[in-house]
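Encoded as structure tokens, the structure appears first; notes follow it.
Letters A, B, ... are given to chains in the order of the sequence lines, protein chains preceding strands, and every chain is numbered from 1.
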Amino acid sequence: MSKYNPHEIEPKWQRFWEERGLMKAREEGEKYYVLEMFPYPSGDLHMGHLKNYTMGDALARFKKQQGYSVLHPMGWDAFGLPAENAALKFGKHPAEWTFDNISRAKESLNLMGILYDWDREVTTCTPDYYRWNQWIFIQMYKAGLVYRAGGLVNWCPKCQTVLANEQVVEGRCWRHEDTLVEKKSLEQWYLKITAYADRLLKDLDKLEHWPEKVKAMQRAWIGRSEGATVRFALEGREEALEVFTTRPDTLFGATFMVIAPEHPLTLEITSPEQRAAVEEYVRAAQLKSEIERQTEDREKTGVFTGAYAINPVNGRKVPIWTADYVLYGYGTGAIMAVPAHDQRDFEFAKKFGLEIVPVIKPADADLPEPLQAAYDGPGVMINSGEFDGLANEEGKKRVTAWLKERGLGEATVTFRLRDWLISRQRYWGTPIPMVHCEKCGVVPVPEDQLPVVLPEISDVEQIRPQGKSPLEAHPEFLNTTCPKCGGPARRDADTMDTFFDSSWYYLRYTDAHNERLPFARDKADYWMPVDQYIGGIEHAVLHLLYSRFFTKFFHDQKMVGVDEPFERLFTQGMVMGWTDYGPVEVEGERVRLSEEARIRLELESAELTLDEVKKMGAELRPHEDGTTHFWKPAVMSKSLGNGVMVGPFVREQGADIARVTILFAAPPEKEMIWTEEGVQGAWRFLNRVWRRVVEDEEALKTLSAGFDPGALEGANKELYRKLNQTIKKVTGDIEGLRFNTAIAALMELLNALYDFRKGNEPNAVYKSAVLSYLQLLAPFAPHIAEELWHRFYENSVFDARWPDYDESALAADTITLVVQVNGKVRARLEVPADISKEEALELAKEQENVRRYLEGKELVKEIYVPGKLVNLVVRG
RNA sequence: GCCGGGAUGGCGGAAUAGGUAGACGCAACGGACUUAAAAUCCGUUGGGGGUUUCCCCCGUGCGGGUUCGAGUCCCGCUCCCGGCACCA
């Protein structure tokens, strides 16, 4: 009998699928669009890279088997910093490095048997893709969604470029965790994503099949607040100071105001006596990074400006302070401070001895005197003139209306979301298709002149970032003529944020070779929305928010019918690998790590107890050289060197084994730890499949698979039932991406096939079960399934229609009836499935062990759950 | 602090309309086969106890509750993971 040998069969079937164009999208019938977030091309892949592609491939194959018109495309998010950095490091042009990585990554994907429609491959760094970035940019410009503005921007000193707000994480660059983002004043291009803030927020409710976590993160990021704008007249000046507040009901308690140091009015309103102090404070604030502002133990700082404003409701003269706890970027950059009802204002007032006037008190209690902390709960208004006695929620509306009537303010909605800064001072990106003309100002490049091609710079040194765009140094690129007046002009030298590229690539797949448009509406409408999108949680706000924005823009432009791109979103867990953190000293219960390991593990102390080691999921393992090493699972990565590389693994063990290992080890949304034992389990499973089929191959070939399901009995009937239960289970599990339980069900059915063969010869029922089995296995382990399928058929297993289950075969003839007394199980008995309630109860009461519990007690209630259990409730 | 998600054997995890807790796999142990090992096959494996073909008690982070019956529902906690965080 032949042995299961993945190396023999895997390349063979990969070629077969390739030749048959198995995953070519055909655009006929009911569609299904499966998409994994396209990767940054990073060369040889490890198992961590492959988890979502394996999931997507299993789903795509399954949908194909179900007869859907499937789109499963792949592409490369190929512009960006890593290519530049690698280029500089190895002295290669970014393009060369990128295309080399693409071909190596493709090889890894092919080795795993992951099928795509490569005819629709998209590579964002090619002119035939990025010209549409430029085209879209211009359409947005025409729609008034692109603007150029000066002001403070985030600057990463490592990247030597500006960043979008979304790319600043805890005050640091998203690519450089150790690098604090600086502020610079620059004129840059922005996309007006805030114009869509309300829709981006509201439509989250439509995304039923998105993880709650992602929606919560987007809601928080968009940050909608309802409140009021209030104008405070400035003493001795014409203009007013505008503030935003969510608590107009506390307006009578506004005893001072705070204006952000960066606010243009700050220095303007400052009195001569306070000028020196304020200027000093403003300068100090500018030098502080965001992170410093946040980590200063929250101790409030600030300076009196010497200016006063008039509280519009009570005419009170209130001092204006400047303090960095007020952010220039939010609301109006100034606040009315109500220390009695806002903890931050309270702390500030306490520190600087400012007045605290309570204006809300709890309905059924009094506020403590003096206040120990701000009271921010509900209550009724006090010290508020005509509004006294109103519930504060009602007060919000009434005070706002009062302000509105007098032209002093109005209801306002404020968002935390900022417009998207998309200029980048880097080489490897899409040139911004704008021309600066001295006479005409900023002029978009006419559509028929697109693409503005990124010049090939052969000297790698010239692409090195220097704080301004490398393209500035290329006159042949820079100098052009104005499309409007024909006079001399300069091109914009910045490139686009690469998140622009990834905001619409899923639409390009629907019509990848269109030379007139980024995509034709009929193609996009056929395929969109993406039915299942799979990717990492790290894009919860960035890519997934930008893509939603783009889709809504395209929708408004009548370019596509949908206004949300991704019907179902799945965020997969990461793949971890056991990682060696080097030698440790062990003394009894104590373990001492090296300083290097302590830092890598982000531990406070290098000293651990054995108990702590266990708690953190780590292990001590003997090393070859006789020392003991500290091992712990960590996310697979190149830098940790713990990645199991696809090429070597597939060549030594096999693609199907890798696929089953990944899909079975844990629920797909959770992190999985890749282990040798897990691989062993997958190998044993597939081997058992192989042997079960091959051992019976000759016998099965001579049998027909036809039989009358209604006439089955005994073991045949049981096997048929198990098969149908498994079809139902596996079908449902794949739909829900529960691959781990689908494979568990397949293992159970395999065990049932083995059990059947212990007492029975192969027959028609068995043959039908084996063939269906191969179909059910095919999404997960396609090569072995295809190989074994071909022992019986000429055609691909993926051309055979996914099996339906026979509803009438699911129920067993006999069931295990559980008998409980007062909810505790006292007996189990085999009974016919269609047993009547009366019979079941009677039978239950006859049981020896049940009678013991009924003896001398009063039977007060009898519960019968058909097909499941009897519960007898007794008293006494 | 706020928001989201969790907590089930030695381990990964099942139980997806409140109804047999621990499917499936891993690891471990015992046995068969073998000169031996690997592979394979059979069996045992939540804890405790007993009169040991069987029976009892305990058991899904903790404390209450609803129910004939709770891993599942409700209330109150603890801890863990993730996100946000001076956002007015």
I'd like the P distance from B:G6 over to B:A15, given in whole Å. 13 Å

Taking the inter-plane angle between the rings of A:Phe352 and A:Trp321 on a 0 to 90° scale, is it parallel (under 30°), tilted (30 to 60°) or perpendicular (over 60°)? tilted

B:G61 pairs with which nucleotide, Watson-Crick or G-U wobble, both distances below 3.5 Å? B:C77

P spacing across the pair B:G4 / B:C55, given as an integer number of angstrom: 47 Å

Roughly, in whole Å, what's the span from CG in A:Asn740 to C1' in B:G12? 10 Å

May I ask you to evaluate whether A:Arg826 reaches the phosphate of B:C56, defined as a side-chain N or O under 4.0 Å from OP1 or OP2? yes

Paired nucleotide for B:C84 [Watson-Crick or G-U wobble; both distances under 3.5 Å]: B:G1

Assess, by modelled atom type and distance only, whether the side chains of A:Trp221 and A:Glu166 contain a donor and an acceptor separated by less than 3.5 Å. yes

B:U40 phosphate, OP1 or OP2: any side-chain N/O from A:Arg688 under 4.0 angstrom? no

From the list B:U20, B:C86, B:C24, which nucleotide is the closest neighbour of the side chain of A:Phe664? B:C24

Between A:Lys729 and A:Glu748, does any NZ, NE, NH1 or NH2 come within less than 4.0 Å of an OD or OE carboxylate oxygen? no

Could you work out the separation of B:G65 and B:U72 based on their P atoms and round it to a whole Å? 15 Å

Could you tell me whether A:Asp733 contacts a base, only the sugar-phosphate backbone, or nothing, with contacts defined as non-hydrogen atoms closer than 4.0 Å? base

From the set B:A88, B:G19, B:U20, return the single nucleotide nearest to any side-chain atom of A:Leu327. B:A88

Taking only the side-chain heavy atoms of A:Glu212 (C-beta and beyond), determine which of B:G4, B:A88, B:G69 contains the nearest atom. B:G4

Can you check the A:Asn5 CG to B:A39 P distance for me, whole Å? 18 Å

Chi class for B:U52: syn within 90° of 0, otherwise anti: syn

Only one of A:Ile743, A:Leu746, A:Thr741 clears side chain to side chain contact (heavy atoms under 4.5 Å, CB included) with A:Val730; which? A:Leu746

Please classify the nucleic acid contact of A:Asp345 as base, sugar-phosphate, or nothing, using heavy-atom distances under 4.0 Å. nothing

Is the distance from OP1 or OP2 of B:A85 to the nearest side-chain N or O of A:Tyr330 less than 4.0 Å? no

Per the atom types in the model, does the base of B:C3 pair as donor or acceptor with the side chain of A:Lys213 at under 3.5 Å? no

Any ion pair linking A:Asp198 and A:Arg224 (charged N to carboxylate O, less than 4.0 Å)? yes

Just to be sure I understand the rule, does A:Tyr853 reach a base, reach only the sugar-phosphate, or reach nothing, if contact means heavy atoms closer than 4.0 Å? sugar-phosphate

Check: B:U20 base within 3.5 Å donor-acceptor of A:Lys824 side chain: no

Anti or syn - B:G71, cut at 90° from 0: anti

Atom-pair distance (CD on A:Glu669; C1' on B:G4), nearest Å: 15 Å

Of the candidate nucleotides B:C24, B:A88, B:A27, which contains the atom at the shortest distance from the side chain of A:Ala744? B:C24

Specify the separation, in whole Å, of atom CD1 of A:Ile863 and atom C1' of B:U20. 16 Å

Presence of A:Asn751 side-chain N/O under 4.0 Å of B:A23 phosphate oxygens OP1/OP2: no

Same-atom distance (C1') from B:C24 to B:G31, integer angstrom: 24 Å

If you find the nucleotide of RNA chain B closest to A:Tyr754 and the one closest to A:Met336, which residue's nucleotide is nearer the 5' end? A:Tyr754

Look at all strands and tell whether A:Pro667 reaches a base, only sugar-phosphate, or nothing, counting heavy atoms closer than 4.0 Å. sugar-phosphate

Distance check, P atoms only: B:C79 and B:C62, in whole angstrom units. 15 Å

Starting at atom CZ of A:Arg738, determine the distance to atom P of B:A14, rounded to an integer number of angstrom. 10 Å

Of B:C24, B:C68, B:C56, the nucleotide closest to the side chain of A:Asn871 is B:C68

Tell me whether A:Glu299 is salt-bridged to A:Lys351, with the criterion being a basic N under 4.0 Å from an acidic carboxylate O. yes

If you check the A:Lys868 side chain, which of B:C55, B:G19, B:A27 turns out closest? B:G19

Whole-Å distance between B:C11 C1' and A:Lys670 NZ? 12 Å

Between A:Glu848 and A:Arg851, is the closest basic N to carboxylate O distance under 4.0 Å? no

Base, sugar-phosphate, or nothing for A:Gln820, non-hydrogen atoms under 4.0 angstrom? base

Can you tell me, in whole Å, how much space there is between the C1' of B:A14 and that of B:A7? 16 Å

Position toward the 5' end of RNA chain B (nearest nucleotide), A:Leu869 or A:Thr245: A:Leu869

Can you find a side chain N or O atom of A:Arg416 that sits less than 4.0 Å from OP1 or OP2 on B:A85? yes

If pairing requires Watson-Crick or G-U wobble contacts with both distances under 3.5 Å, which nucleotide is the partner of B:C41? B:G31

CD of A:Gln653 versus P of B:A39: gap in Å, rounded? 13 Å

Is the shortest side-chain N to carboxylate O distance from A:Arg568 to A:Glu735 below 4.0 Å? no

Sugar-phosphate only, base, or nothing, as touched by A:Lys758 at under 4.0 Å among non-hydrogen atoms: sugar-phosphate

What I want to find out is whether A:Asp342 reaches A:Arg247 closely enough, with some N-O distance under 4.0 Å, to be called a salt bridge. no

Looking only at atom C1', what distance separates B:G61 and B:U8, rounded to whole Å? 10 Å

State whether A:Ser225 places a side-chain N or O below 4.0 Å from either non-bridging phosphate oxygen (OP1 or OP2) of B:A88. yes

Categorize A:Ala220 for me: base, sugar-phosphate, or nothing, with a 4.0 angstrom heavy-atom threshold over every strand shown. nothing

Taking a pair to mean Watson-Crick or G-U wobble geometry with both distances below 3.5 Å, B:A21 pairs with none

Whether A:Arg691 contacts B:A39 is assessed here as follows: a side-chain N or O lying under 4.0 Å from the phosphate OP1 or OP2. Is that the case? no

For the rings on A:Tyr325 and A:Phe348, is their centre-to-centre separation under 6.0 Å? yes

Roughly how far apart, to the nearest Å, are B:U45 and B:C54 at atom P? 13 Å

Please report the distance, rounded to the nearest Å, between CD in A:Gln680 and P in B:C24. 20 Å

Nearest to the side chain of A:Val865 - B:G19, B:U20, B:A88? B:G19

